[in-house]
Asker: 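Here it is, the structure in full.
Treat the numbers as computed from the prediction; the structure is a model and nothing was measured. So that the names make sense, note that chain A is the first sequence line, chain B the second, and so on, each numbered from 1.
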Amino acid sequence: MSKGIISKDEDYSQWFNDLVIKADLAEHSAVRGCMVIKPYGYSIWEKMQAVLDQMFKDTGHSNAYFPLFIPKSFFSKEASHVDGFAKECAVVTHYRLKNDGNGNIIVDEDAKLEEELIVRPTSETIIWNTYKGWIQSYRDLPLLINQWANVVRWEMRTRLFLRTTEFLWQEGHTAHATAEEAIAETEQMLHVYADFAENWLALPVIKGRKTANERFAGALDTYCIEALMQDGKALQAGTSHFLGQNFAKAFDVKFTSKEGKLDHVWATSWGVSTRLMGALVMAHSDDSGLVLPPKLAPIQVVIVPIFRSDEELAQISAVVDGLSKALKAKNIRVKYDNRDTQRPGFKFAEYELKGIPLRVAIGGRDLANGTAELARRDTKTKETVQQEGLVDHIEQLLEEIQKNIFQKALTFRNENTREANTYDEFKKMLDDTPGFISAHWDGTPETEQRIKEETKATIRCIPLDNKLEDGACILSGKPSTQRVLFARAY
RNA sequence: CGGGAUGUAGCGUAGCCCGGUAUCGCGCCAGCAUGGGGUGCUGGAGGUCGGAAGUUCGAAUCUUCUCAUCCCGACCA
């Protein structure tokens with residue numbers, strides 16, 4: 001176990017907290033519920049952004065930027081939307097401070113805003129208000145826009161990366177001529193998210209749809225990807241919403257079709273946030289620290305020299321120099337840590353804590369033998385290999401580590417996905433063997449609500465690839481045609 | 001917003017019951033040794049004890065008020 005990190009078996013949530021802080025991803029700020037994302041954590045987020053951004057562009061989307069502030073009146077235009085967010089909005093009421101004469105800075109009551117401004121909890125309203133001016137004809141459609149932004153949701157209780165008052169995310173907002181097109185877009189983006197989660201984060205996810213209860217405020221249908229964390233709790237890793245014509249109607253966005261008919265446009269919105277950082281940490285890491293999938297690791301290979309003298313360091317550096325160049329030529333992100341202020345053992349522990357996938361150690365012995373020591377972060381295994389052919393070997397290993405991390409998470413999820421056929425069985429599983437529970441449900445919000453109240457488990461999703469199967473609801477006993485996925489969730 | 005707890009150096013803590021100017025560890029700085037898994041020794045720097053008021057010759061310690069944070073619940077895409 002690493003210094004200062006509690007074992008994840010002892011206290012999972014404390015382990016997560018320790019890890020985020022010790023691995024230097026983020027820290028609590030002076031502002032309640034808001035975190036400072038530190039350079040190392042931010043560099044991982046930047047990699048996520050870069051990959052996702054390219055995926056969005058490859059599917060035809062463009063980036064734009066809309067205001068942080070939204071006039072309060074915009075929120076009242078879509079009834080269910082305001083219901084969903086009203087209780088967690090930060091509101092700007094004044095635009096000036098003044099000195100009260102006693103050396104205190106106070107709000108200048110003379111500077112009250114005519115209309116309060118809401119700090120965006122999400123941008124549908126300001127964006128749809130804007131789209132009204134952009135869309136007149138079917139020729140203007142589809143409109144495919146994404147925004148990278150910060151949003152604020154005044155949550156009662158926060159946790160680093162998983163639920164912070166302010167967080168970073170991207171939100172896509174698209175407009176289409178037909179419902180079919182909008183649904184196709186919603187599904188497409190869900191697949192983009194799933195692809196990203198599985199192939200980059202090495203995080204296996206279940207693609208599915210939310211029940212009416214769990215749907216986004218203002219959506220007709222909410223799709224999601226759900227992941228399982230190592231403590232058996234589920235985490236919603238991304239959502240994609242089919243908004244129907246709700247926002248177009250609320251903001252009066254109409255277009256003239258090819259046939260000359262006037263109609264409201266069809267909308268989608270979709271987003272992932274810095275919560276993915278939390279998912280990344282919770283899904284793969286261990287008591288020694290982070291375990292980063294190579295594709296997202298800011299540093300993929302770290303080289304640590306082991307030396308007794310400046311002369312020896314110079315000799316090692318000469319070898320490392322060639323190795324570094326060859327790795328960089330293959331676009332492998334490599335760092336040579338030749339600090340003489342820290343000892344090798346310290347560096348080993350530090351890079352394990354930070355989740356660097358591969359460590360190469362080269363010392364005097366290796367110079368003599370033409371070898372290097374390779375240590376994998378994911379398996380914590382070490383091997384001594386010839387320097388010759390090392391670059392290719394490292395390249396292969398990185399791919400293997402990426403696969404292995406995914407496979408491990410997938411195996412974990414499979415082992416912790418169970419079927420329950422009675423309510424007693426269901427409750428026992430929740431307490432004894434947390435994870436996804438596949439069970440029959442009668443399809444009513446009342447049943448879902450009661451299960452939630454009694455067990456804290458929610459329906460995470462109705463999986464897209466669900467097979468139809470006759471059964472009886474675990475609570476009501478009423479007939480059901482398919483199983484849905486339950487879990488306690490973050 | 002209800003229930004519980006905690007605020008002492010950058011971090012983690014002892015001291016508080018029973019008042020006398022703050023303990024230890026990590027980290028930090030310097031030197032020497034060391035160097036294939038968080039190195040050892042020696043020396044050093046660093047504290048308005050969350051804040052305010054009160055009791056007292058004297059308050060980290062007792063009293064009152066206040067602020068903040070954390071945990072449980074409620075709340076929550």
Side-chain angles (χ1 to χ4, degrees), chain A residues 1-6 11 13-14 17-18 21-22 27-34 80-81 83-89 121-122 124 151-160 162-165 167 169 171 208-219 221-226 234-241 243 269-273 275 288-289 304-310 312-313 316 338-354 359-369 371-375 380 382 384 452-453 456 458-461 489-490:
Chain A
M1 190 194 332
S2 183
K3 257 189 201 169
I5 299 182
I6 198 165
D11 186 341
S13 106
Q14 187 62 45
N17 237 333
D18 287 350
I21 287 165
K22 300 285 179 188
E27 65 185 31
H28 290 287
S29 72
V31 185
R32 180 199 174 104
C34 295
S80 58
H81 190 66
D83 280 351
F85 288 106
K87 280 183 283 184
E88 50 188 68
C89 286
T122 179
E124 274 78 5
V151 289
V152 166
R153 295 182 188 177
W154 215 267
E155 305 283 1
M156 299 299 260
R157 219 164 124 197
T158 59
R159 294 197 64 190
L160 291 170
L162 299 177
R163 184 177 293 110
T164 46
T165 301
F167 57 94
W169 77 346
E171 46 181 327
R209 301 158 82 165
K210 288 292 187 189
T211 61
N213 273 357
E214 301 281 328
R215 212 173 270 158
F216 174 76
D221 205 352
T222 288
Y223 292 70
C224 62
I225 50 173
E226 290 285 331
L235 183 79
Q236 178 177 299
T239 49
S240 182
H241 315 289
L243 303 174
S269 70
W270 28 275
V272 295
S273 71
R275 183 179 244 205
S288 299
V304 178
I306 293 155
F307 57 97
R308 290 184 172 80
S309 64
D310 287 348
E312 200 171 37
L313 176 60
I316 294 167
N338 61 355
R339 286 180 296 176
D340 62 0
T341 52
Q342 307 294 353
R343 295 163 48 103
F346 180 91
K347 293 177 185 177
F348 292 172
E350 186 180 23
Y351 291 114
E352 274 168 16
L353 181 58
K354 294 202 159 187
R359 183 182 72 233
V360 179
I362 298 178
R365 284 205 308 253
D366 297 302
L367 284 184
N369 301 334
T371 55
E373 184 191 74
L374 268 180
K380 296 189 84 177
K382 288 194 277 199
T384 299
K452 183 179 175 181
E453 280 163 15
K456 291 182 192 165
T458 49
I459 299 179
R460 301 318 303 157
C461 69
Y490 277 99

Asker: Rounding to an integer number of angstrom, what distance separates B:C49 and B:U8 when you compare their C1' atoms?
Answerer: 4 Å
Asker: With a 3.5 Å limit on both atom pairs, tell me what B:G35 is paired to, counting Watson-Crick and G-U wobble, or say none.
Answerer: none
Asker: More 5' along RNA chain B: A:I362 or A:E155, using each one's nearest nucleotide?
Answerer: A:I362
Asker: Has A:S240 got a side-chain atom pairing as donor or acceptor with A:W270's backbone, closer than 3.5 angstrom?
Answerer: no
Asker: Atom CD of A:E27 and atom P of B:G10: how far apart are they, to the nearest Å?
Answerer: 14 Å
Asker: If you measure from the C1' atom in B:C65 to the same atom in B:C26, how many Å do you get, rounded?
Answerer: 36 Å
Asker: Within 45° of the ring axis of A:F348 and under 6.0 Å from its six-membered ring centre, is that where the NZ or CZ of A:R359 lies?
Answerer: yes
Asker: Please classify the nucleic acid contact of A:F85 as base, sugar-phosphate, or nothing, using heavy-atom distances under 4.0 Å.
Answerer: base
Asker: Which nucleotide wins on minimum distance to the side chain of A:R343, given the candidates B:G37, B:C76, B:G36?
Answerer: B:G36
Asker: Determine the interatomic distance between C1' on B:G73 and the same-named atom on B:G27; round to the nearest Å.
Answerer: 37 Å
Asker: Remember a base hit wins even if backbone is also touched, and classify A:R163 as base, sugar-phosphate or nothing at under 4.0 Å, heavy atoms.
Answerer: base
Asker: Using the P atom on both, measure B:C29 against B:C16 and round to a whole Å.
Answerer: 34 Å
Asker: Per the atom types in the model, does the base of B:G37 pair as donor or acceptor with the side chain of A:E352 at under 3.5 Å?
Answerer: yes
Asker: Once hydrogens and angles are ignored, does a donor-acceptor distance under 3.5 Å link the base of B:G36 to the side chain of A:R308?
Answerer: no
